[in-house]
Number of protein chains: 2
Amino acid sequence: MNLSEKKREIIEKIGVFHEMKGFQPVVGRIMGLLMVAEPAEATFEEIQEELQVSKGAVSTALTVLQAKERVEYRTKPGERKRYFKLRIRDWKNDLKKEFDEVLNMESLINEIIELKENKESDFCCSLLEMKEFFMFMKNELPLLLKRFEATRK
Amino acid sequence: MNLSEKKREIIEKIGVFHEMKGFQPVVGRIMGLLMVAEPAEATFEEIQEELQVSKGAVSTALTVLQAKERVEYRTKPGERKRYFKLRIRDWKNDLKKEFDEVLNMESLINEIIELKENKESDFCCSLLEMKEFFMFMKNELPLLLKRFEATRK
DNA sequence: TAGCTAGTTCATAATTTTATGAACAAATAA
DNA sequence: TTATTTGTTCATAAAATTATGAACTAGCTA
């Protein structure tokens, strides 16, 4: 493999980025590695050597990544090694999931509003405004995605 | 204070929600408490009693929340106690910050693309498409916010 | 059959995060 | 002045997360 210093830095950066999203450190680093690797795949052994972590850690992380549908593998004829790669072509679906998650906050906000005895308070007015914003976004985000796709034809 | 069972449940729910965003447990619970409290504020002591945590934990968490501009306090004449409350009226600014953060991914994607020797690969094409999507969103999200505000007049 | 290769599993160790509580500070009250 | 209230700070404890490495499995290969 033998990556450049620059690539190693970016792996760390991508790693931290994914840690912020709740992934374990090794999981994030693997995503980073598969981002900068060229071609964009790596074997179990290459991952282990490049990231300097134990077999167990690599195995666990790859299991997580496959369960979350972020990584898949192919094999080559006559070889038993697996070549792991990011399912990056699914990025639009992942994004839709993220949108949904954020927008599910609307139902949480609703629960809070329902509990409030005084719905006229400043606080409650802000909550209502937030709720309306999320309803608005729920509508608009899919339209935005469609418009983006239209620009790509 | 003496909150209902339902409110305690929602505090936990909001707490977990914020843990997912990288906040410490107590920090998340305090945001939850200040969401459901009526009126929407609480003293140091009330927070400590309601959440059953130590003074140190409350103090540290409130420092974090104030540093991140999520919480502020007021005092009442003749009282030394502070009444902490969420700066919920700033929610639109917080949202803008979150938008920016997500969209900063564009520069990270760019760094990766620049490093690639073969820019014709399937992987690189997906990266380029992602990059274009984030550029598109960078443009459209502020417009969307404006349109939302227009509906509120 | 025995010996590799390519991983998986899991008890335990190392590390990091989070919470505690005692000692302290600063302001007010008595 | 001394006591009380309202917190803060920080060393240490407790808990949770993460990584290790040895033992294992399953499929080839010789």
Side-chain angles (χ1 to χ4, degrees), chain A residues 1 8 11-12 14-34 37 41-68 70-85, chain B residues 1 8 11-12 14-34 37 41-68 70-85:
Chain A
M1 195 119 264
R8 284 172 214 251
I11 289 174
E12 287 307 308
I14 298 171
V16 170
F17 177 84
H18 283 110
E19 277 185 74
M20 293 297 116
K21 299 247 161 194
F23 286 102
Q24 298 176 344
V26 176
V27 172
R29 302 300 178 287
I30 291 178
M31 286 195 265
L33 174 56
L34 297 179
E41 56 187 15
T43 63
F44 190 101
E45 206 185 355
E46 284 172 330
I47 293 170
Q48 213 200 317
E49 276 173 12
E50 188 51 49
L51 303 183
Q52 293 291 323
V53 289
S54 66
K55 285 171 79 171
V58 173
S59 177
T60 307
L62 285 174
T63 301
V64 167
L65 283 166
Q66 291 172 94
K68 297 216 169 185
R70 298 305 210 95
V71 160
E72 63 189 350
Y73 67 82
R74 65 171 181 133
T75 48
K76 295 182 184 182
E79 260 190 73
R80 273 171 64 204
K81 278 182 184 167
R82 293 171 190 172
Y83 288 80
F84 297 92
K85 60 180 166 179
Chain B
M1 196 118 267
R8 283 170 215 253
I11 289 174
E12 288 306 308
I14 297 170
V16 169
F17 178 84
H18 283 109
E19 278 185 73
M20 295 297 116
K21 300 248 161 190
F23 286 101
Q24 299 176 344
V26 176
V27 171
R29 299 302 176 290
I30 290 178
M31 286 196 265
L33 174 57
L34 297 179
E41 56 186 15
T43 64
F44 191 100
E45 205 186 354
E46 284 171 330
I47 293 170
Q48 211 200 319
E49 276 173 14
E50 188 52 48
L51 303 183
Q52 292 291 324
V53 289
S54 66
K55 284 170 79 171
V58 173
S59 178
T60 306
L62 285 173
T63 302
V64 167
L65 283 167
Q66 289 172 94
K68 297 219 170 184
R70 297 304 212 94
V71 159
E72 63 189 351
Y73 67 81
R74 65 172 181 130
T75 48
K76 294 183 183 180
E79 260 190 73
R80 274 169 64 202
K81 278 182 186 168
R82 293 171 192 173
Y83 288 80
F84 297 93
K85 60 179 164 180

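Sequence lines set the chain letters: A, B, ... in the order given, protein chains first and strands last, and positions in each chain run from 1.
The salt bridge (charged side-chain N to carboxylate O under 4.0 Å, His left out) test applied to A:R80 returns no partner, not counting sequence neighbours.
OP1 or OP2 of D:dT8 sits under 4.0 Å from a side-chain N or O of B:R82.
For A:E45 and C:dG7, the CD to P distance is 9 Å, given to the nearest whole Å. One can place CD of A:E79 at 8 Å from P of C:dA6, the figure rounded to the nearest angstrom. The nearest whole Å value for the distance from the CG atom in A:L65 to the C1' atom in C:dT8 is 16 Å. If you take NZ of A:K76 and C1' of C:dT5, they are 17 Å apart, rounded to a whole angstrom. The distance between atom CG of B:L62 and atom C1' of D:dT9, rounded to the nearest whole Å, is 15 Å. Atoms OH (A:Y73) and C1' (C:dT8) sit 13 Å apart, rounded to a whole Å. Following rounding to the nearest Å, A:K81 (NZ) and D:dC28 (P) show an atom-to-atom distance of 17 Å.
The residue from B:H18, B:E12, B:Q52 that alone fulfils the side-chain hydrogen bond (donor to acceptor under 3.5 Å, both in side chains) condition with B:R29 is B:E12.
Under the 4.5 Å side-chain criterion, counting only non-hydrogen atoms from C-beta, B:L51 is in contact with B:I11.
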5' to 3', nucleotides 15-30 of chain C under a 4.0 Å protein heavy-atom cut-off (B base, S sugar-phosphate only, - none) gives ---SSBB----BBS--
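Within the structure, salt bridge (charged side-chain N to carboxylate O under 4.0 Å, His left out) contacts touching residues 51-63 of chain A (residues at least two apart or in different chains) do not occur.
When all heavy atoms of A:I14 and A:G32 are compared, the pair lying nearest together is CG2-CA, 3.6 Å.
Put simply, CE on B:M31 and NZ on B:K21 are 10.5 Å apart, with the number rounded to the nearest 0.5 Å.
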